[in-house]
Asks: 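Take a look at this one; I'll ask things after.
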Amino acid sequence: ALVGQATSHDRWRASNPRPGRGTGAGMKLSKFIKVVLVALGVVSLVFNVWQVWELSGTLGHSARAEQRVTGGRAGMRGSTVDPGVAAALAPLDAQLGNARVARVSASRRKDAKLFSYLGMSLQTLLDDAALTTTSGANKAKFQDPTDLLRAQWVTHGQSSTRAGEIRECHVLWGTWVTNLEFFDHRLHDGLLINSMLGLEQDALGTPATFAQTHRRCIQAHGYRRCDHASPSLFIHAHTDPSRFETVFGEDTLADLATWRDLAKNDVRAIWVAKPASYARSQVHRAMELFGLTQLIASNDKLPTGIWSLAPYVTSPLLWKSFRYFVRAWAVVTSAVPLRVYVLQDGWAHLAAEPYKEEQLSSNYKTRCMHFHSPENCRFFVDKTTLRVNTQEFQGDLSSRRGEIEPYGFWQRKAWPSVESAVTRTVLMAWPQLAQYELILRREGFRHRRVAMLDLLLFVDDSGAATVHDVDTSGVAADESLECSLPYELDALMVAGVNAFPSRPDYRAQMVVELSAFCRDRGGCIAEDARQLIALHDERQHAGNFKLTFPVGPDGAGKGEPGCGPLCHFLEDGPSLGQREGGSGGTSQSDRIEARRQHELTWAYMRVYPPLPHRGPQFSRDGSCRSMSDEDEAFLRIAMTREAADGRDVVEEAARTNRTQDDYLGKKFSLRPEMLPAGVRIGGSGDAAKARRESSLERVAKEAAAEVADEAAEDDGRDA
């Protein structure tokens, strides 16, 4: 319009020139004005277009939004998202807010309610009767040979396991007993399954594979580094000795010769005998408490069958005067890089009758004295199973060798030994699990695999824990296990069955940290970024589970993340077993890839270390809540009083000045001037027990008073 007015005005001025001025000057002025106005119009148009483009977010909007969310903490370094991080987050963010579907097999039907608690939908599966029926509406008709491997996932009303059925769900939760199941082409990207390739039949799932894996560990690293389990002998009690060499090989013949030498020399040792079948069936055999396990002496005749024999712990740490087995849970969320989480609680399965070590040569056949058998034994106590991190359990620990101070002994020695034994059990199987994992990745399988482990352990009177058995389809809540329901929910959360719902709360900060870390390393590929995101998610959802590998800071926040004292388990790299003259077929590329991913994870944890875990969830009243301030104060004061009671001085004298026999006979010399001021040596018998009970009462009162004082101080500060 302005340009048009200027043009009309110029025409009128040309026909009516002002007096004293020429027509040429007017024309020059009008052209100049027209150019200026046109230029202003073009500038205005460009500005408006740029504003529309800016509001639509197509011009650097995501980078500025990320900087606004983080409050500019990272400055210019955090203004852009690493491409690898963005590529890894895109499919994960798409899962948030969407309904997730879990398909739980009949073997794990008790877990169905837990998935409902997490807000997931469930698909109904055929029961065992429907799978084996020969007629009726629910008859299973398998069109593909691999459909037989998916039998446990067939749903009602379906004639075959088509690809669309598996694609509709996000979690398959059941038992995985054959390696072929992991190569099913219907296992789509992102699908979560509760096992790892090779875990059941090649690494830890049966007594035979567990013993073979432990034997390889001893051959590679020595017994001292593999003392988390007892070395085993394989004995084949068969009526036809001619079959030994052709069927079982030279190692088994050597074990048989060792066993015969023990019997010939009348060595009266007690052994734990577990059935060790090599059968590769499609039936998962759960860990037993203890159906077929038995105790035998070295000169006893073995029943017909294949047996795994391990030395029996004859000097256990007792609860009151009863033996027990400790049950621990672990979750393995990744094999390469390896990440292991251990529940910060457990259960003690008590024997029914008091243990009498001095009569072991005659009472080892008394099952109720050695094993947890609620169905066949009459118990002397009200409870058959106790949580280990409670006052009820720790307050009554005892040893046949003398009086111990239970709280400090369990917290400083026994429980760290349990954690170490569980972690090293996974690490000794890592070479096989890692090799299988890399094979699946090379074949293009991108479904997620996690392991839920249930372990039984002995704890001797020195506090050392040894693994007795492993269930690779474990972490199952049961009415007999107090607090197991919330603990299994924690396990499902750290495994990511519901896609880590709290991620939006920390996503912005996580993106900034990951992008800065990847930028310093020259960028991250999407697979590496995905593993770092998973580590971050698991740490935020771990609950009562503690990350025990990679080794992180200790309780005081000291120590750098990495492999720590466990590096030797990773030195040889992935392997499917030892070969003569070689390293079990480990390729150089697999060794390099596994090492690279581990070092990437450790480097990230050094830059952004996890917070130290509070440790075992100690509870005075046995409730399932987290450790309260009163519980923490009680435990701290009790352990401090035990340390001041002279136990540390006595133990140091036993270690450095006298032999074990002298210590047991209390012949070591401990002069009064060696003791700190106010410290006395604890006695034994009823008087010592009475002093300990009165001491615990004082500790409880002091803990309550300390918490009350802290609360009063807080109220004063608020006022």
Side-chain angles (χ1 to χ4, degrees), residues 107-108 110-111 114 173-177 182 192-214 217 226 228-229 274 284-289 325-336 338-347 349 388 415 417-434 436-437 448-458 465-478 481 484 487-497 538 542-550 566 569:
S107 61
R108 300 285 302 221
K110 290 184 178 180
D111 296 338
L114 300 179
W173 206 257
T175 55
W176 302 77
V177 295
F182 293 86
L192 177 65
I193 62 178
N194 62 319
S195 187
M196 290 181 172
L197 177 59
L199 182 66
E200 170 79 14
Q201 295 290 358
D202 295 305
L204 300 174
T206 66
T209 56
F210 176 81
Q212 293 281 21
T213 302
H214 185 243
C217 179
C226 302
H228 55 276
K274 296 181 291 184
H284 170 75
R285 291 180 174 85
M287 180 174 59
E288 297 177 339
L289 281 174
F325 286 84
V326 174
R327 178 187 291 266
W329 283 0
V331 178
V332 184
T333 57
S334 173
V336 181
L338 181 64
R339 295 192 298 273
V340 182
Y341 294 83
V342 176
L343 176 65
Q344 293 301 286
D345 204 349
W347 298 270
H349 296 284
V388 297
W415 181 252
S417 180
V418 170
E419 282 187 353
S420 175
V422 172
T423 305
R424 288 189 291 164
T425 298
V426 178
L427 278 164
M428 79 173 183
W430 176 82
Q432 293 170 286
L433 299 180
Y436 279 129
E437 178 70 17
R448 289 188 57 223
R449 298 161 290 277
V450 298
M452 317 293 282
L453 303 181
D454 205 338
L455 302 95
L456 286 179
L457 304 98
F458 296 105
T466 55
V467 177
H468 167 74
D469 204 354
V470 181
D471 190 342
T472 55
S473 185
V475 188
D478 190 87
L481 304 177
S484 60
Y487 289 162
E488 186 176 0
L489 283 173
D490 286 345
L492 297 179
M493 292 286 286
V494 74
V497 298
E538 292 160 9
N544 287 306
F545 282 80
K546 173 186 174 183
L547 181 65
T548 58
F549 193 90
L566 306 174
F569 286 104

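Numbers for residues simply follow the sequence, beginning at 1.
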Asks: Using the rule salt bridge (charged side-chain N to carboxylate O under 4.0 Å, His left out), only one of Asp471, Asp454, Asp478 pairs with Arg327; which is it?
Replies: Asp454

Asks: How long is the straight-line distance from CD of Gln212 back to OG1 of Thr206, given to the nearest 0.5 Å?
Replies: 9.0 Å

Asks: Say you draw a straight line from OG of Ser484 to CG of Asp490; how long is it, rounded to the nearest 0.5 Å?
Replies: 11.5 Å

Asks: Where do Pro431 and Leu427 come nearest, in terms of heavy atoms and distance?
Replies: CD-O, 3.7 Å

Asks: Measuring only between side-chain heavy atoms, which start at C-beta, is Asn544 closer than 4.5 Å to Asp345?
Replies: no

Asks: Is it the case that the side chain of Ser417 and the backbone of Ala465 share a donor-acceptor pair, with hydrogens and angles ignored and the cut-off at 3.5 Å?
Replies: yes

Asks: How long is the span from the CZ atom in Phe549 to the CD atom in Glu419, to the nearest 0.5 Å?
Replies: 14.5 Å

Asks: Please report the interatomic distance CZ(Arg424) to SG(Cys217), rounded to the nearest 0.5 Å.
Replies: 8.5 Å

Asks: Are the side chains of Pro550 and Arg339 in touch, meaning some heavy atoms are under 4.5 Å apart?
Replies: yes

Asks: How close do Val475 and Ala330 get, counting heavy atoms only, and between which atoms?
Replies: CG2-O, 3.9 Å

Asks: Quick check on the 6.0 Å ring-centre criterion: do His349 and Phe325 meet it?
Replies: no

Asks: Can you confirm whether Trp173 sits close enough to Val497 that some side-chain heavy atom of one is under 4.5 Å from a side-chain heavy atom of the other?
Replies: yes

Asks: Give me the atom names and distance for the closest heavy-atom approach of Lys274 to Pro207.
Replies: CB-CB, 4.3 Å

Asks: For Thr213, which residues count as a side-chain hydrogen bond (donor to acceptor under 3.5 Å, both in side chains) partner, sequence neighbours excluded?
Replies: Arg216

Asks: Will you find, in the side chains of Asn194 and Trp176, an N or O donor that is under 3.5 Å from an N or O acceptor?
Replies: yes

Asks: Main chain of Leu199, side chain of Gln201: is a donor-acceptor contact present, judged purely on distance under 3.5 Å?
Replies: no

Asks: Using modelled atom types and a 3.5 Å cut-off, is there a donor and acceptor pairing between side-chain atoms of Glu488 and backbone atoms of Ala477?
Replies: yes

Asks: As an exercise, state the distance from CZ of Phe210 to CG of Leu204, rounded to the nearest 0.5 Å.
Replies: 7.0 Å

Asks: When you check the side-chain N and O atoms of Thr333 and Glu538, is any donor under 3.5 Å from an acceptor?
Replies: yes

Asks: Quick check: do His214 and Cys226 have side-chain heavy atoms less than 4.5 Å from each other?
Replies: yes

Asks: Going from OG1 on Thr466 to CG on Leu457, what distance comes out if it is rounded to the nearest 0.5 angstrom?
Replies: 7.0 Å

Asks: Phe569 versus Trp430: any side-chain heavy-atom pair under 4.5 Å?
Replies: no

Asks: Quick one: closest heavy-atom pair of Val342 and Gln344, and the distance?
Replies: O-NE2, 3.2 Å

Asks: If we only count heavy atoms from C-beta on, is the Thr472 to Leu453 side-chain gap below 4.5 Å?
Replies: yes

Asks: Applying the side chain to side chain contact (heavy atoms under 4.5 Å, CB included) criterion to Val332, which one of Arg449, Met452, Met196 satisfies it?
Replies: Met196

Asks: Using a 4.5 Å cut-off on heavy atoms from C-beta on, say whether the side chain of Tyr436 contacts that of Asp202.
Replies: yes

Asks: For a 4.5 angstrom cut-off between non-hydrogen side-chain atoms, does Val422 reach Thr548?
Replies: no

Asks: List the atom of Gly174, the atom of Ser473, and the distance in Å for their closest heavy-atom pair.
Replies: O-OG, 3.8 Å

Asks: Testing the basics here: between Ala476 and Trp329, what is the closest heavy-atom pair and its distance to 0.1 Å?
Replies: O-CZ2, 3.6 Å

